[in-house]
Amino acid sequence: MTTPLKRSAKRSLRRPAALGFALLIGAGALAACGSSDDDSSSGSGGSSDSSSSSGSISAACSLDNPPTSSASAPSIADLGTASGKVGVILPDTTSSTRYTQFDKPLLQKYLTKAGLTPDIQNAGGDTAKFAQIAQSMIGSGVKVLIIDSIDASSGAGVEKLAAKNGVKVIDYDRVNLGGTANYYVSFDNEEVGKLQAQAMVDCLDAQNVSDPNIIMMDGGTDTDNNAVLFKKGAHEVLDPLAKAGKLTITAEATVKGWDVTQAASDFQQALTSAGGTVDGVLAANDDIANAVVGALKGQGLDGHVVVTGQDSTVVGLQNIVNGLQSMTIFKSYEQEAQAATLLATALVSGKDPADAGLTLTKFDDPDSASHKIQALLLPPQVITQANLSTVVDSGQTTQAEICKGITDACAKVGLN
């Protein structure tokens, strides 16, 4: 991790309350974190006096030395061969395009390459169908199930059925708390929160912003353990700085169930409770970040508050190009499919994953002390204006998708 926020020798540049609600948002020092030119941020909407003032923060951020994850990805070069059927159940086709566009073809590719016979199906968001698919796969003789459940309770039910029939289960991307699966493949989600928080701190620090006010916009901690881990990781970075008086967490809100339609109003309420002052927003993902950007635009101050994100969505990446969002988190779906294949190959072959060269870590289930999970956790990566090409190079999105309608802005950040 990079050095935490240092206290600036400059005076605090937050504006006095007498200047009004809108002018309090994003007050700070405009400096060398990304471009400070108005033209580098399309859609920053009005407030030209604020964007040209020495008392304004820029959301645009270009970290040449971003914080990095301590996790590491296993090498697909270590892929062995095995024979046997492996079932894969994906949750739906609506919450994310990843399942049909990436997970299914990548898992098909690597499981087949390992000599396995994959059966990959999608439950279409129906928990009853999810259970029916699992029962059918178990009946057909699969040796391993890889499941990305719709919810933890239905996923745990499938795991119990699999255990009764001697089928090993790998929780894929999301862990089923209270379940019985002994294996979990995902990204290091505490690291995600740490990286978001540290990148936000670094983007503010690069602008010599003193004692910033921070609003945290958590994802669905009421339904998703990943969201709980994101929040935990972020607090591990921010709480010591708050205790040292180097920043203030003025408000924290939860977008329940990851319902992005409520994110803007949740942010408005948090902003009001924070007294209308914010310098940085730790938004749990790109959808929440986009809602925050929209709320800030209503004040004419989008582009003047440091905003984090996650998932490297096209909208999130476009917001970064336009200087409206400061960073996102990139998670390689290919790495995740490769890791699941490596683990499934070992289990089908009857090998201990450690003997197959895989490094697994203990993962605690807060809902069940008896649930012993070994996790293969992959490294998330910080994306700012400085390394947008990383996402393009991965194949998860294209330059054309990111730069549609914003080619000039893309050229300015070197994405051309």
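The first residue in the sequence is number 1, and the count goes up from there. In what follows, every heavy atom counts, from backbone to side chain, and hydrogens, waters and symmetry copies are set aside. Please read these numbers as outputs of a predicted model, since none were measured by experiment.
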Original post:
Quick one: does Thr328's side chain have a donor or acceptor within less than 3.5 Å of a partner on Ser312's backbone?
Top reply: yes
Original post:
Taking Thr384 for the side chain and Leu63 for the main chain, is one N or O donor matched with an acceptor at less than 3.5 Å?
Top reply: yes
**OP:** Would you check if the side chain of Ser326 reaches a backbone N or O of Val307 as a donor-acceptor pair within less than 3.5 Å?
**Re:** yes
Subject >> Nearest heavy atoms of Asn225 and Pro366, plus distance in Å >> reply: OD1-CG, 4.4 Å
Original post:
Between Gln196 (side chain) and Gly309 (backbone), is there a donor-acceptor pair under 3.5 Å?
Top reply: yes
**OP:** Specify whether Tyr333 and Phe102 have parallel, tilted or perpendicular ring planes, treating 30° as the upper limit for parallel and 60° as the lower limit for perpendicular.
**Re:** tilted
Subject >> Step-by-step side-chain hydrogen bond (donor to acceptor under 3.5 Å, both in side chains) determination, Asp151 to Ser154 >> reply: CA-CA 6 Å; Asp151 59 47; Ser154 60; 2.7 Å; yes
Subject >> Residue pair Lys331 / Pro380: nearest heavy atoms and the distance that separates them >> reply: CG-CB, 4.4 Å
Original post:
Is the shortest side-chain N to carboxylate O distance from Lys256 to Asp222 below 4.0 Å?
Top reply: no
Original post:
With a 4.5 Å limit on heavy-atom distance, are the side chains of Ser210 and Asn208 in contact?
Top reply: no
Subject >> Shortest non-hydrogen contact between Glu191 and Ser70, atoms and distance >> reply: OE1-N, 3.1 Å
**OP:** Give a yes or no on whether the backbone of Ala73 and the side-chain of Gln335 come within a donor-acceptor separation of less than 3.5 Å.
**Re:** no
Subject >> Leu161 and Gln135, any side-chain heavy atoms less than 4.5 Å apart >> reply: yes
Original post:
Can you tell me how far the CE atom of Met137 sits from the CG atom of Leu145, to the nearest 0.5 Å?
Top reply: 7.0 Å
Original post:
Roughly how far, to the nearest 0.5 Å, is CG of Asp92 from OG of Ser149?
Top reply: 11.5 Å
Original post:
Side chains of Leu238 and Ile249: closer than 4.5 Å at any heavy-atom pair?
Top reply: yes
Original post:
Between Asp173 and Arg98, does at least one N-O distance fall below 4.0 Å, as a salt bridge requires?
Top reply: yes
Original post:
Is the shortest side-chain N to carboxylate O distance from Asp224 to Arg174 below 4.0 Å?
Top reply: no
**OP:** Identify the heavy atoms of Met217 and Ala270 that sit nearest to each other, and give their distance.
**Re:** SD-CB, 4.4 Å
**OP:** Give, for atom CG of Asp287 and atom OG1 of Thr313, the distance between the pair rounded to the nearest 0.5 Å.
**Re:** 6.0 Å
Subject >> Gap between atom CG of Leu377 and atom CD of Glu190 - 0.5 Å precision >> reply: 9.5 Å
Original post:
Does Gln318 use its side chain to pair, donor to acceptor, with the backbone of Glu401 at less than 3.5 Å?
Top reply: yes
**OP:** For residues Pro67 and Asp202, report the shortest heavy-atom separation together with the two atoms involved.
**Re:** CD-OD2, 3.6 Å
Subject >> Smallest separation among heavy atoms of Ile150 and Ala123, with atom names >> reply: CD1-CB, 4.1 Å
Original post:
Can you find a heavy atom in the side chain of Ile288 that is under 4.5 Å from one in the side chain of Trp258?
Top reply: yes
Original post:
Looking at side-chain heavy atoms only, is the closest gap between Asp119 and Gln121 below 4.5 Å?
Top reply: yes
Original post:
Is any side-chain heavy atom of Glu236 closer than 4.5 Å to a side-chain heavy atom of Lys231?
Top reply: no
**OP:** Kindly determine whether Val306 and Gln207 satisfy side-chain contact (heavy atoms from CB on, under 4.5 Å), including the steps that lead there.
**Re:** CA-CA 11 Å; Val306 169; Gln207 302 182 66; 4.0 Å; yes
Original post:
Do Ile402 and Leu415 come close enough that some side-chain heavy atom pair is under 4.5 Å?
Top reply: yes
Original post:
Is a donor on one side and an acceptor on the other found under 3.5 Å between the side chain of Glu159 and the backbone of Thr180?
Top reply: yes
**OP:** Determine yes or no for a side-chain-to-main-chain donor-acceptor pair under 3.5 angstrom, with Ser394 supplying the side chain and Gln396 the backbone.
**Re:** yes
Original post:
Quick one: CG on Asp365 to CG on Asp171, what's the gap to the nearest 0.5 Å?
Top reply: 9.5 Å
Original post:
Going from CD on Gln268 to OG1 on Thr272, what distance comes out if it is rounded to the nearest 0.5 angstrom?
Top reply: 6.5 Å
Original post:
Is a side-chain donor or acceptor of Asp311 paired with a backbone partner of Asp286 at a separation under 3.5 angstrom?
Top reply: no
Original post:
Just checking, is any N or O donor in the side chain of Asp103 or Tyr172 under 3.5 Å from an acceptor N or O on the other one?
Top reply: yes
Original post:
Do we see a donor-acceptor contact under 3.5 Å between the side chains of Asn226 and Asn189?
Top reply: yes
Original post:
Side chains of Val281 and Val305: closer than 4.5 Å at any heavy-atom pair?
Top reply: yes
**OP:** Give a yes or no on whether the backbone of Met327 and the side-chain of Gln325 come within a donor-acceptor separation of less than 3.5 Å.
**Re:** yes
Original post:
Using 4.0 Å as the upper bound for N to carboxylate O, is an ion pair formed by Lys246 and Asp211?
Top reply: no
Subject >> Stepwise side-chain hydrogen bond (donor to acceptor under 3.5 Å, both in side chains) test for Thr250 and Thr248 >> reply: CA-CA 6 Å; Thr250 55; Thr248 303; over 6 Å; no
